[in-house]
Amino acid sequence: MIILNKVNTNQDIEKMSRLATDIMKKHYDPIVGSATNDYMLEKYQSVRGITQEINDGAEYYFVDLDGESIGFVAVDAKEDYLYLSKFYLDIDHRGKGYASQMMAFVKDCAKSRGLNKIKLNVNADNLNTVAVYKRFGFEVVEEYQRAVGDGYSVHDYVMMFGEK
């Protein structure tokens, strides 16, 4: 059974940045290339990036199993939906039902805030993850390509769960 623990301190943020970098390097380097991934990690998963997201209203959670952090989740309540900003599990712990427990936590977060929709962005080439979100009841509602800075761009799907 996993436990989700909220990031509360600067030390937690530093630990989260290291965890995110480790998990996301393994996952995204083969999909988007190391240069693009390194840029995105620096922009969004550095101590500065995570701190900014938390200051803007997001909540980060460690996914802990037997005292070890094996993943992380970040959510941000918007006016009429919960934005699922981060949903990552270390590759060695996939396929064991932990993602289902993580998603139950996310859905409970939405419900506890009176929100009936969850939205997320996912790289369109991240086929396994897109399939996982579809199994959780998410549907693709938009596709786009946008510049993220320094000549890098992303090709994403917006996926949504809940009321249309």
Return all side-chain donor-acceptor pairs below 3.5 angstrom for residues 152-162, not counting sequence neighbours, or 'none' if the list is empty.
unit_1	atom_1	unit_2	atom_2	d
Ser153	OG	Gln145	NE2	3.4
His155	NE2	Glu143	OE2	2.5
Asp156	OD2	Tyr144	OH	3.4

Less than 3.5 Å apart, which donor and acceptor atoms pair up between the side chains of residues 29-38 and the rest of the protein, not counting sequence neighbours?
unit_1	atom_1	unit_2	atom_2	d
Asp29	OD1	Lys25	NZ	3.3
Asp29	OD1	Asn37	ND2	2.8
Asp29	OD2	Lys25	NZ	2.9
Asn37	ND2	Met24	O	3.0
Asp38	OD1	Lys25	NZ	2.7

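For Lys26 and Asp22, the salt-bridge test passes: some basic side-chain N is under 4.0 Å from an acidic carboxylate O.
Annotation: side chain of Phe138 is in contact with side chain of Ile118 (closest heavy-atom distance under 4.5 Å). Counting heavy atoms from C-beta on, the side chains of Glu14 and Arg18 come closer than 4.5 Å. Under the 4.5 Å side-chain criterion, counting only non-hydrogen atoms from C-beta, Met102 is not in contact with Tyr61. Within the 4.5 Å cutoff, the side chain of Glu68 has heavy atoms near those of the His93 side chain. Contact check for Lys78 versus Lys119: no side-chain heavy atoms found under the 4.5 Å cut-off. Taking 4.5 Å as the limit, some side-chain heavy atom of Lys134 sits within range of a side-chain heavy atom of Val140. The shortest side-chain heavy-atom distance between Ile54 and Glu59 does not fall under the 4.5 Å cut-off. Annotation: side chain of Ile70 is not in contact with side chain of Asp92 (no heavy-atom distance under 4.5 Å).
To the nearest 0.5 Å, the span separating CD1 on Ile2 from CG on Asp64 amounts to 9.0 Å. The NZ atom of Lys15 lies 15.0 Å from the CG atom of Asn10; values are rounded to the nearest 0.5 Å. Distance check: Asn5 CG to Ser69 OG gives 7.5 Å after rounding to the nearest 0.5 Å. Separating the NZ atom in Lys86 from the CG atom in Asn121 is a distance of 9.5 Å, to the nearest 0.5 Å. A distance of 8.5 Å separates CD1 of Ile3 from CG of Asp66, quoted to the nearest 0.5 Å. Residue Glu53 holds its CD atom at 3.5 Å from OH of Tyr60, rounded to the nearest 0.5 Å.
Cluster annotation: Ile23 is connected to Met16 through the hydrophobic network of ILVMFWY side chains, with a link wherever side-chain heavy atoms come within less than 4.5 Å. Note on Val130 and Val73: same hydrophobic cluster, where clusters join Ile, Leu, Val, Met, Phe, Trp and Tyr whose side-chain heavy atoms are under 4.5 Å apart, directly or indirectly. Phe87 and Val122 fall within a single hydrophobic cluster, where Ile, Leu, Val, Met, Phe, Trp and Tyr side chains are chained together by heavy-atom contacts under 4.5 Å. Hydrophobic clustering places Tyr98 together with Phe136 (ILVMFWY residues linked when any side-chain heavy atoms are closer than 4.5 Å, directly or through intermediates). Criterion: ILVMFWY side-chain heavy atoms under 4.5 Å apart, direct or through other members. Under it, Leu84 and Val132 are part of a common hydrophobic cluster.
Judged by distance alone, the side chain of Gln45 and the main-chain N or O of Ala20 form no donor-acceptor pair under 3.5 Å.
Residues Val106 and Leu82 approach most closely at O-CD2, 3.6 Å, considering heavy atoms. Residues Val63 and Phe72 approach most closely at CG2-N, 3.7 Å, considering heavy atoms. What you find for Ala77 and Leu115 is that their closest heavy atoms are CB-CD1, 4.1 Å. Of all heavy-atom pairs spanning Leu65 and Met1, the tightest one is CD1-O, 3.7 Å. The two atoms that bring Tyr39 and Val148 nearest to each other are OH-O, 3.0 Å, heavy atoms only. When all heavy atoms of Gly71 and Leu19 are compared, the closest pair comes out as O-CD2, 3.4 Å.
Residue-environment remark: NZ (Lys96) exceeds the threshold of 12 foreign heavy atoms within 6.0 Å.
By the side-chain contact (heavy atoms from CB on, under 4.5 Å) test, Thr51 is found to be paired with Ile13, Val47, Asn55, residues two or more places apart in sequence or in another chain being considered.
Partner Asn126 forms a side chain to side chain donor-acceptor pair (under 3.5 Å) with one of Thr129, Asn128, Asn123 and no other, that one being Thr129.
Under the 30°/60° scheme for interplanar angles, the aromatic rings of His27 and Tyr88 are found to stand perpendicular.
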